[in-house]
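Read the structure below first, then the notes.
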Amino acid sequence: MRTLRTDAEREEAAALVQDRQRWLTLRGLPVPAQADAPALFRDPQTKPAGLFEDGKLLACVIPERDPDLGWGSGPCLFLGCVHTLPDQTDDITRLITLWASDFAARLDLPLVRTEALARHALDAEPIAALLRRLTDMGWDVKGSGPGREGDRVARLELAAQHRSGLSALIGCRVHEPQTSPDDRGIA
């Protein structure tokens, strides 16, 4: 995992987001209504991070410290705009989960939070299958409600945990996120 620093890396992340949104649309799955997520990754004021393997971008995310979510209380690392390369295994999500839990612990934050689009009840497919996979990875579902951009979302929390030896699997060169004064879209 590393902070995306160059225009080329930011453009690659924006393209990944567009590919993911197209993939979701073709399958009739929800895509955020309001946020222009590709533009967020191009914005030089945003500090996105990417998960790379052998130089290939597998996922991108915008980590933030303590944003105003309107749900949950206490400090956290928030993962905004989480996008993975389409047609990949859950291993990418598992790696992001392990990294986020360890990164939050290293920042002395007790929790990681994120949101997943949920247009219907949380026990209805396809969100139910996604939430089962995420809970199997250690995430706790904290109900549903409006997300940061107004879309209905499932609210997720993960306990921070130091994971010694993780650096052998995932290197981390991500900037320390600052407290976010503004709202960013979540996909």
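Scanning for side chain to side chain donor-acceptor pair (under 3.5 Å) contacts around E11 gives R42, with sequence neighbours left out. Residues that satisfy the side-chain contact (heavy atoms from CB on, under 4.5 Å) test with D87, not counting sequence neighbours, are W23, R27.
For the pair L57 and L85, the minimum side-chain heavy-atom distance is 4.5 Å or more. Contact check for T114 versus W139: side-chain heavy atoms found under the 4.5 Å cut-off. Counting heavy atoms from C-beta on, the side chains of L40 and D36 never come closer than 4.5 Å. You'll find the side chain of I96 reaches within 4.5 Å of the side chain of L51, heavy atoms only. Within the 4.5 Å cutoff, the side chain of K47 has no heavy atoms near those of the L4 side chain. Two residues are said to be in side-chain contact when any heavy atoms from C-beta on lie closer than 4.5 Å; S144 and R152 meet this criterion. Residues D140 and L156 fail the side-chain proximity criterion, which asks for heavy atoms closer than 4.5 Å. At least one side-chain heavy atom of W71 sits under 4.5 Å from a side-chain heavy atom of E115.
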CA sep, side-chain torsions, deciding dist, call: D151, R119, salt bridge (Lys or Arg N to Asp or Glu O under 4.0 Å): CA-CA 8 Å; D151 290 309; R119 298 269 197 258; 3.5 Å; yes
Chi angles and distances behind the salt bridge (Lys or Arg N to Asp or Glu O under 4.0 Å) call for D136, R132: CA-CA 6 Å; D136 286 348; R132 283 191 301 272; over 6 Å; no
Criterion side chain to side chain donor-acceptor pair (under 3.5 Å) on T93 and R133, from CA distance to verdict: CA-CA 9 Å; T93 305; R133 289 192 309 272; over 6 Å; no
Steps toward salt bridge (Lys or Arg N to Asp or Glu O under 4.0 Å) verdict (R2, E9): CA-CA 10 Å; R2 70 175 187 250; E9 287 177 336; 2.8 Å; yes
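Of all non-hydrogen atoms in G74 and R113, the two that sit nearest each other are O-NH1, 3.1 Å. In terms of heavy-atom proximity, L16 sits nearest to A59 at CD1-N, 4.1 Å. Minimum interatomic distance between R22 and D19 (heavy atoms only, all atoms of both residues): NH1-OD1, 2.9 Å. Across G72 and E157, no two heavy atoms sit closer than the pair CA-OE2, 4.5 Å. When all heavy atoms are compared, the tightest approach of A160 to A105 is CB-N, 3.6 Å. Here the closest heavy-atom approach between residue A100 and residue L77 is recorded as O-CD2, 3.9 Å.
Atoms CE and CZ, on M1 and F52 in that order, are 9.5 Å from each other to the nearest 0.5 Å. Atom-to-atom distance recorded for E53:CD and D91:CG is 9.5 Å, nearest 0.5 angstrom.
Judged purely by distance below 3.5 Å, without hydrogens or angles, the side chains of R163 and Q161 pair a donor atom with an acceptor atom.
The backbone N or O of T97 sits nowhere less than 3.5 Å from a side-chain atom of S101 that would complete a donor-acceptor pair. Judged by distance alone, the side chain of H83 and the main-chain N or O of C81 form a donor-acceptor pair under 3.5 Å. A distance-only check finds no donor-acceptor pair linking the side chain of R10 to the backbone of P48 [under 3.5 Å]. Put simply, the side chain of R155 gets close to the backbone of P146: a donor and an acceptor are under 3.5 Å apart.
L111 and I62 are members of different hydrophobic clusters when ILVMFWY side chains are connected at heavy-atom separations under 4.5 Å.
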